Amino acid sequence: MPQPSSCEAPSPPLSTAPPPSRNPYLRLFTVPGTPAFTVGNLIARLPMGMFSVSAVVMIAGSRGSYALAGAVTATGLAATALVAPLIARLIDRHGQARIAVPATAVAALGSLALLLCVRYGTPDWTLFGAYAATATTPNTGGMSRARWAHLFKGDPAAVHTANSFEQAADELCFMLGPVLAAFLCGTFFPEAGTLVGAVLLMSGVLIFSAQRSTQPPPGGRTKARSPLRSPGMPPLLLGFLAIGAVFGAMEVVTIAYADARGHRSAAGVVLALQAAGSCAAGLLYGVLKPAGPAERRYPWCLTAMAALLTLPLLAARLTDSLLALAGALLLAGMATAPTMVTAMTLVQQRTPESRLNEGMTLAVTGLLGGIACGSATGGWVVERVSATAGYGVPVAAAALALLICLASLAVRARRTVRVRRAVRTKRTERVRRTMRVRRTAGPTTGG
């Protein structure tokens with residue numbers, strides 16, 4: 001196994017816990033290097049909510065086709081689903097700093113190439129190629145979670161708090177990113193959102209990667225099984241696909257609902273309330289100490305998510321008020337972060353340590369695929385039925401995630417019963433064989 005060079009040698013996991021603090025979040029940042037890598041990661045993560053909106057505004061504004069803009073962004077999403085796990089595998093093998101920086105450079109150049117292609121009116125096919133190059137963007141959220149897992153190895157409470165913080169950061173970035181992109185594209189010039197996003201991404205990854213004392217050690221070539229083959233991972237990834245469909249459908253349906261009532265510009269604010277609810281719930285969830293293992297909490301989180309997602313459906317059907325819908329989305333969002341934190345914890349537990357970035361990137365890839373499916377399904381229901389009926393799609397997707405989880409638990413329970421039954425049968429057979437031997441040998445007599 002190749003050893004990291006001296007300039008990249010990471011620190012070992014903490015041997016002693018940080019000083020106690022009443023605020024568990026402050027406790028995280030008592031570790032040297034954690035504030036710096038968190039700042040860099042947040043800067044790098046903000047553009048993730050900017051690029052798609054910026055690309056749509058830029059392409060649709062110059063080419064006059066939302067269909068072309070949607071096709072280009074969909075191509076980028078498909079390319080990301082293929083490339084992102086490979087980038088994550090290289091990061092696990094060679095280290096975050098060594099792979100993340102060049103991969104981000106390629107992605108940033110892809111964004112700049114897209115900007116130039118739009119600016120100078122190149123053929124449509126060049127837009128697809130340029131945007132596909134952005135698929136090399138590393139999963140910055142996954143790399144950050146991997147650092148927390150490394151630093152607080154053996155401290156589940158601290159890892160839980162760190163995962164909650166990261167989920168709240170995700171919600172914050174995806175809440176502010178589209179707003180910032182729309183502001184830049186509308187205030188300055190259509191390409192401004194893409195340009196600023198590329199600069200922020202590259203700058204953030206450089207700051208993040210410079211903090212090498214906190215990065216996990218490179219795993220080198222490992223014989224650990226693929227995360228896809230780890231016990232319990234396939235149904236968990238299917239659950240991420242269903243949860244992603246919740247997000248994708250909710251976005252499309254809410255935009256259509258607001259547009260049908262003449263308030264399309266308010267759709268972003270309404271969706272931001274859902275993200276705000278999730279962000280607040282994520283921070284609160286990190287302070288609490290949930291009882292029981294994550295495997296037991298996960299189905300309860302999915303149940304709460306499915307139940308709360310009925311609130312937007314009821315608000316849209318019974319009140320026909322955008323204000324009531326906003327309140328319902330705020331409440332519905334509060335189940336998102338606990339569900340995602342628990343699911344990510346399970347990914348960390350079920351993925352071999354040497355392939356942790358790959359496992360978390362597969363989870364994000366599942367989310368992206370689900371978002372695409374949910375957007376398509378939600379749009380179909382809106383066009384064929386109504387925007388109000390479209391709110392049934394997120395409910396159905398959350399219920400599907402719950403069914404996948406329960407089915408997986410049932411299969412594992414049956415397997416455990418079969419194993420225990422087989423062990424008891426072997427033990428009983430061994431006892432019977434011993435008794436037969438003793439009866440055949442007969443009583444022994446002393447001389």
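Just so you know, residue 1 is the first one in the sequence shown, and it goes up from there. Because the structure is predicted, anything quoted here is derived from the model rather than measured.
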Donor-acceptor pair, side chain of T310 and main chain of A306, under 3.5 angstrom: no
Side-chain donor-acceptor pair present, Y285, T342, cut-off under 3.5 Å: yes
Separation of T351 OG1 from L362 CG (nearest 0.5 Å): 8.0 Å
Approximate separation, where rounding is to 0.5 Å, of E295 CD and C405 SG: 8.0 Å
Residue pair L322 / Y257, side-chain heavy-atom distance below 4.5 Å: yes
Criterion side-chain contact (heavy atoms from CB on, under 4.5 Å) on M305 and L402, from CA distance to verdict: CA-CA 9 Å; M305 187 177 187; L402 177 59; over 6 Å; no
Backbone N/O of A107 and side chain of T136: donor-acceptor pair under 3.5 Å: yes
Gap between atom CG of L86 and atom CD1 of I91 - 0.5 Å precision: 11.0 Å
Audit row: T339, R297, side-chain contact (heavy atoms from CB on, under 4.5 Å) steps and yes/no: CA-CA 9 Å; T339 302; R297 298 198 307 269; over 6 Å; no
Student check: side-chain heavy atoms of R45 and L172 closer than 4.5 Å: no
Trace of the side chain to side chain donor-acceptor pair (under 3.5 Å) decision for Y391 with T254: CA-CA 8 Å; Y391 281 108; T254 300; 3.0 Å; yes
T80 OG1 to I87 CD1 distance, which is reported to the nearest 0.5 Å: 10.5 Å
Shortest non-hydrogen contact from A133 toward G110: CB-CA, 3.9 Å
Over 12 non-hydrogen atoms of neighbours within 6.0 angstrom of CD in Q211: yes
Heavy-atom donor-acceptor pair, T194 side chain to L115 backbone, under 3.5 Å: no
Plane angle bin for F37 and W148 - parallel if under 30°, tilted between 30 and 60°, otherwise perpendicular: tilted
Euclidean distance, T140 OG1 relative to R145 CZ, rounded to 0.5 Å: 9.5 Å
Heavy-atom pair of closest approach, residues G40 and I207: CA-CG2, 3.7 Å
T122 side-chain N/O to V118 backbone N/O, donor-acceptor pair under 3.5 Å: no
Side chains of T134 and F51 in contact at under 4.5 Å (non-hydrogen atoms): no
Minimal non-hydrogen separation, P138 against A100, with atom names: CG-O, 4.0 Å
Closest heavy-atom pair and its distance - R350, S230: O-CB, 3.1 Å
Heavy-atom check, side chain of L195 versus side chain of L112, under 4.5 Å: yes
With sequence neighbours excluded, residues passing side chain to side chain contact (heavy atoms under 4.5 Å, CB included) with V72: I59, L68, L127, F128, Y131
V382 vs V253 side-chain heavy atoms within contact, under 4.5 Å: yes
Atom of L302, atom of A401 and distance for their closest heavy-atom approach: CD1-O, 3.6 Å
Heavy-atom pair with the smallest gap, counting every atom of E166 and G141: OE1-O, 4.4 Å
M50 and L200, any side-chain heavy atoms less than 4.5 Å apart: yes
From CG (L403) to CG (L238), nearest 0.5 Å: 12.5 Å
The single option from L367, N163, D170 passing side-chain contact (heavy atoms from CB on, under 4.5 Å) against M340: L367
W380 and V393: CA distance, side-chain angles, deciding distance, side-chain contact (heavy atoms from CB on, under 4.5 Å) verdict: CA-CA 10 Å; W380 185 87; V393 177; over 6 Å; no
Under 3.5 Å: donor-acceptor pair, side chain of T34, backbone of V31: yes
Side-chain heavy-atom pair R147, P216 within 4.5 angstrom cut-off: yes
Intermediate values then yes/no, side-chain contact (heavy atoms from CB on, under 4.5 Å), H160 and S164: CA-CA 6 Å; H160 168 76; S164 299; 3.9 Å; yes
Stacked cation flag R296 on Y298, 6.0 angstrom / 45 deg: no
F208 and I43, any side-chain heavy atoms less than 4.5 Å apart: no
Side-chain H-bond candidate by donor/acceptor type, Q96 with R212, under 3.5 Å: no
Ring centers of F165, F29 separated by less than 6.0 Å: yes
N/O donor-acceptor pair under 3.5 Å between T377 side chain and G374 backbone: no
